[in-house]
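Note that the coordinates shown come from a computational prediction; the quantities given were computed from them, not determined experimentally.
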Amino acid sequence: MIDVDVPKDDLIAATAEILGDDVAALSLERLFYLITVTQHSTDVLLNEIERRGELTFVGGVPNVPYESDHMVQTVLTRPNL
């Protein structure tokens with residue numbers, strides 16, 4: 001497992017560079033555009049990690065050897081209420 005130590009302030013600054021400072025002000029079209037770009041970037045990066053032989057599978061599910069100290073809860077990660 002690789003732990004990439006990126007300070008939270010650096011992460012916030014880098015994200016603001018990509019998204020801007022006020023995500024709430026973006027149109028839905030712009031939000032979809034940006035999530036499409038970030039998804040494509042993630043796909044390209046995952047393919048490169050796999051090409052380097054660093055991807056493993058647990059129960060048939062890909063396991064990326066990466067861990068971050070900072071996570072933002074989303075509809076995909078927060079507990080069902």
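- Its side chain outside the 4.5 Å cluster rule for every partner, Val72 clusters with none of the Ile, Leu, Val, Met, Phe, Trp and Tyr residues.
- Taking Leu28 as the reference, Leu31, Phe32 meet the side-chain contact (heavy atoms from CB on, under 4.5 Å) condition, with sequence neighbours excluded.
- With a 4.5 Å cut-off between side-chain heavy atoms of Ile, Leu, Val, Met, Phe, Trp and Tyr, the cluster of Ile35 takes in none.
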Residues Leu55, Asn63; criterion side chain to side chain contact (heavy atoms under 4.5 Å, CB included); working and verdict: CA-CA 6 Å; Leu55 209 58; Asn63 183 36; over 6 Å; no
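- Other members of the cluster containing Val58 do not exist, because no ILVMFWY side chain is joined to it at under 4.5 Å.
- Both Val6 and Ile49 belong to a common hydrophobic cluster when Ile, Leu, Val, Met, Phe, Trp and Tyr are linked at side-chain heavy-atom distances under 4.5 angstrom.
- Partners of Thr36 according to the side-chain contact (heavy atoms from CB on, under 4.5 Å) rule, which considers only residues two or more places apart in sequence or in another chain, do not exist here.
- Checked against side-chain contact (heavy atoms from CB on, under 4.5 Å), Arg52 has the following partners two or more places apart in sequence or in another chain: Glu48, Glu54.
- The side-chain hydrogen bond (donor to acceptor under 3.5 Å, both in side chains) pairs that include a residue from residues 7-33 number zero, where partners must be two or more places apart or lie in different chains.
- No chain of hydrophobic side-chain contacts below 4.5 Å, direct or via other Ile, Leu, Val, Met, Phe, Trp or Tyr residues, connects Leu11 to Val23.
- For Gln73, the side-chain hydrogen bond (donor to acceptor under 3.5 Å, both in side chains) criterion is met by no residue, not counting sequence neighbours.
- The salt bridge (charged side-chain N to carboxylate O under 4.0 Å, His left out) contacts involving residues 32-41 comprise nothing, where partners must be two or more places apart or lie in separate chains.
- Between Ile12 atom CD1 and Leu19 atom CG the span is 12.0 Å, to the nearest 0.5 Å.
- Taking Glu50 as the reference, nothing meets the salt bridge (charged side-chain N to carboxylate O under 4.0 Å, His left out) condition, with sequence neighbours excluded.
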